[in-house]
Structure formats: structure tokens, C-alpha cells
Amino acid sequence: MRSLKLKTLDLPALLMIPSDGEGFIRYSGEILELSVSEWVLRNSAPGLDELTLSTPGGELYATQFFSSRKLKFILFAEPGGLDEEALNVWRGISNLFSGKAIFAYMIQTDVADVVEYFNIDTSQDLPMIAAHQPATDSKYKSKKLNLNDKQQLQDFVMGVVAGVVPKILKSEPLPKKQSGFVQRVVGSNVLDVVSKADTDVLLAITMPGCAQCRRLLPAFELLGRAVQAEPRILVARIDASANDLPSAWGVKDYPTLLWFPARDKPYKENAIPVPKQYWDAGFSLQELAGFVQRDSSFDPKSLRIATAEQLSSLQGDEEMYRAKFEEEER
């Protein structure tokens with residue numbers, strides 16, 4: 001206890017010796033089975049195995065692999081393309097970098113969400129390696145590889161570990177010209193837009209084919225018109241099907257509205273901005289405008305936002321915008 005700097009008042013204490021052998025990781029939550037299990041999964045390093053959801057053991061391994069906060073490498077291969085010799089090459093590389101990252105392999109599309117997450121074309125890209133760094137939410141992809149060429153595989157892993165391989169980001173091209181009153185943002189500039197200093201930013205994350213998104217968009221465009229005279233409020237929109245978003249934002253449903261108030265800025269350098277959720281006030285123009293005014297970082301009396309009468313007048317154009325967005329989607 002003395003060597004661990006523990007006192008009697010600290011008990012019960014739960015500590016983990018990480019696989020890299022550097023110090024201890026101390027558990028700080030309640031000693032409950034579910035909480036401790038999650039903590040163990042997140043901080044332990046699973047050995048090399050196949051990522052698959054077709055067996056109970058595979059599901060457990062996938063949970064442990066993706067719960068870990070360590071740098072991850074996944075070797076993607078076609079069915080029948082990963083023989084014992086190639087697997088031994090990959091196993092040797094995983095042993096070489098065991099203190100730096102965790103490793104797995106996947107046969108084509110067994111876990112479709114992972115293939116989609118890395119935007120892999122299984123008809124052209126395989127075999128290849130993808131990597132993910134949870135600490136910075138960075139993704140990396142290799143070119144098509146020869147699985148029996150150890151040097152080729154090892155060079156990519158070393159490049160990611162050393163920070164010389166550029167990360168990938170799914171993004172539409174930057175809009176050459178903005179049309180309308182809602183700023184269209186893409187994967188490559190969304191962090192810059194929501195981090196804009198001295199500005200409250202309301203970001204709508206939408207998905208094509210989403211009925212609730214179609215319901216929101218006309219009112220959201222009218223909100224852009226309602227705040228167009230106020231430079232301290234920015235209303236923006238991004239298409240989640242064509243652009244990457246930070247996984248830390250936890251976006252799973254559409255539409256999702258995220259609020260980035262000026263009072264929380266500037267954000268720490270290299271940190272992912274932490275948004276506030278739009279409380280579920282509804283998607284009407286009055287409800288959206290009411291949220292912006294009530295939760296603004298600025299004195300509501302100083303905001304140049306449309307009055308209640310002007311909002312009612314703007315609402316007369318909602319059907320026009322609804323038809324416009326439906327035609328765009330069609």
C-alpha cells in the first residue's frame with residue numbers, strides 16, 4: 001500500500017497494470033459489476049483476433065476491441081485472402097507494436113458499420129489496413145496492400161504511430177457559394193465553423209430520406225432569415241451522409257441540433273468542441289427562435305432577431321421552402 005501511495009481511507013481500491021507496464025490505472029467509480037466491467041474493457045488491450053459478430057465470442061471480442069481507448073489497427077481482407085502465412089505476418093507486427101496499439105483483422109464486410117465508418121469500397125480497396133486514434137478521433141487508411149509483404153504493412157503501421165501518415169476525412173467539397181440564410185458546412189470545415197469565436201452556433205445535422213429532417217428544414221431556413229441581422233448568431237447545416245462528424249458528439253438520430261454557445265469559447269487547442277444538446281422544444285420557427293434567444297450567450301435585449309410579429313410573417317413562406325427542399329431531395 002505504501003508503494004502505491006494508498007491509505008486505509010482509500011480502500012477499497014481497484015488498480016490495473018496496463019499492458020505497456022507504465023504505472024497504474026486507478027478506478028474511481030462505484031464498485032458495481034457493470035461499471036467495473038466497462039472500465040476493464042476500456043482500459044485493457046485485447047490480443048489479435050478476428051472482428052466478427054457471427055459468434056458470441058466474436059461479439060465479446062468486438063466489444064472489447066472497440067471499447068478500448070488505444071490506437072487501433074484493422075487489417076481488412078477478402079474471403080479466402082488471409083492465409084496462415086499472411087496472418088502470421090500481421091501477428092508479428094502486432095507483437096512488435098503491442099505497447100503502442102491494438103490489432104485485429106476482418107474478413108470483408110462481416111461488421112458492415114466498420115466498413116462504412118472507414119468509407120471502404122470492398123470491391124476495390126481490399127486488402128488494406130485502417131486505423132483509428134480515439135484520443136483525437138482520427139482515421140487512417142492504407143492503399144491496397146500485399147498481405148505477404150511484411151515491410152509494406154509495417155511501414156503503414158509505423159507511419160501512423162509516428163504521426164507521418166495523414167488522417168482521412170470524408171467531406172463534400174467546400175461550398176463555392178452560400179445560398180440561402182443557413183450556412184452549409186462540410187466535414188473539412190465543421191470544426192472551424194462551430195468554434196467561431198464570439199458567436200453562438202446552432203448546427204443542424206440532417207440525413208437524406210429522413211422525414212423529420214424534411215419537417216425541420218423549412219423552419220430552420222426561416223430561423224436563418226430571422227437572425228440574419230445578428231452577426232453573433234450563426235445557423236448552420238451539415239449532411240451526415242456525406243461528411244464525417246466527431247464521434248464524441250454521439251450523433252445517432254436525425255435530425256440532431258447541437259448548440260455551441262460563445263460563452264464556452266475559445267475551446268482548448270486541438271480539443272473537440274463539446275456542444276450542448278438542443279432541448280426538445282419542437283421544430284417550429286417560434287420554438288427554434290425561442291431557444292436561440294433564451295440560451296444565447298448575449299443579453300437577449302441586445303439581440304437583433306425578428307420580433308414575434310415578424311416571425312409570424314416569415315412563417316407564411318414555410319410551404320415555399322418545404323416544396324423547395326422536397327424538390328432538392330427528389
Side-chain angles (χ1 to χ4, degrees), residues 16 18-19 33-98 100-134 137-150 152-154 156-157 160 168 170 207 209 240-241 244-248 250-254:
M16 180 185 291
S19 57
E33 182 178 357
L34 188 62
S35 303
V36 173
S37 297
E38 182 183 2
W39 176 74
V40 170
L41 285 173
R42 286 188 176 278
N43 289 285
S44 59
L48 176 67
D49 207 342
E50 181 182 0
L51 285 171
T52 177
L53 299 180
S54 60
T55 65
E59 289 188 21
L60 179 61
Y61 174 75
T63 299
Q64 186 178 22
F65 185 83
F66 290 116
S67 294
S68 174
R69 292 172 182 162
K70 285 179 171 284
L71 172 63
K72 301 172 179 66
F73 289 92
I74 305 172
L75 177 65
F76 291 85
E78 298 168 309
L82 188 62
D83 57 24
E84 194 61 32
E85 181 182 353
L87 187 55
N88 285 333
V89 168
W90 188 232
R91 184 172 286 110
I93 294 173
S94 73
N95 291 333
L96 188 63
F97 292 91
S98 60
K100 302 288 186 183
I102 57 176
F103 294 76
Y105 63 92
M106 185 185 300
I107 306 302
Q108 196 163 319
T109 59
D110 197 57
V111 187
D113 287 350
V114 180
V115 174
E116 182 181 346
Y117 181 71
F118 287 105
N119 196 27
I120 296 171
D121 183 343
T122 56
S123 65
Q124 298 185 25
D125 296 344
L126 305 185
M128 50 84 66
I129 301 171
H132 180 238
Q133 175 55 272
D137 196 21
S138 301
K139 293 187 285 188
Y140 307 86
K141 280 168 55 177
S142 75
K143 60 181 182 181
K144 196 168 184 175
L145 300 168
N146 178 355
L147 294 184
N148 294 310
D149 188 337
K150 180 179 179 180
Q152 202 176 53
L153 275 64
Q154 188 170 305
F156 176 76
V157 172
V160 173
I168 59 167
K170 183 169 72 171
M207 181 75 75
S241 69
D244 276 341
L245 297 166
S247 60
V251 178
K252 297 179 180 177
D253 301 312
Y254 305 98

Looking at [Y], is its backbone amide N or carbonyl O close enough to the side chain of [X] to form a donor-acceptor pair, meaning the two atoms are under 3.5 Å apart?
| X | Y | value |
| --- | --- | --- |
| S142 | I129 | yes |
| W90 | I74 | no |
| K139 | K170 | no |
| Q152 | L145 | no |

Search all heavy atoms of [X] against all heavy atoms of [Y] and return the closest pair with its distance.
| X | Y | answer |
| --- | --- | --- |
| K72 | F65 | CE-O, 2.8 Å |
| G81 | L147 | O-CD1, 3.4 Å |
| M207 | S241 | SD-CB, 3.3 Å |
| E50 | I107 | OE2-CG1, 3.4 Å |
| L71 | V160 | CD1-CG1, 4.2 Å |
| I120 | M128 | CD1-SD, 3.7 Å |

Could you go step by step and tell me if I168 and D244 meet the side-chain contact (heavy atoms from CB on, under 4.5 Å) rule?
CA-CA 10 Å; I168 59 167; D244 276 341; 5.9 Å; no
Could you state the interatomic distance from [atom1] ([X]) to [atom2] ([Y]), rounded to the nearest 0.5 Å?
| X | Y | atom1 | atom2 | result |
| --- | --- | --- | --- | --- |
| S98 | L48 | OG | CG | 11.5 Å |
| D125 | K143 | CG | NZ | 13.5 Å |
| S37 | Q64 | OG | CD | 11.0 Å |
| N88 | E84 | CG | CD | 5.0 Å |
| L51 | E59 | CG | CD | 12.0 Å |
| L126 | L82 | CG | CG | 11.5 Å |

With the side chain counted from C-beta on, respond yes when H132 and S138 share a heavy-atom pair under 4.5 Å apart, and no when they do not.
no
What orientation do F103 and F73 show, parallel under 30°, tilted 30 to 60°, or perpendicular over 60°?
parallel
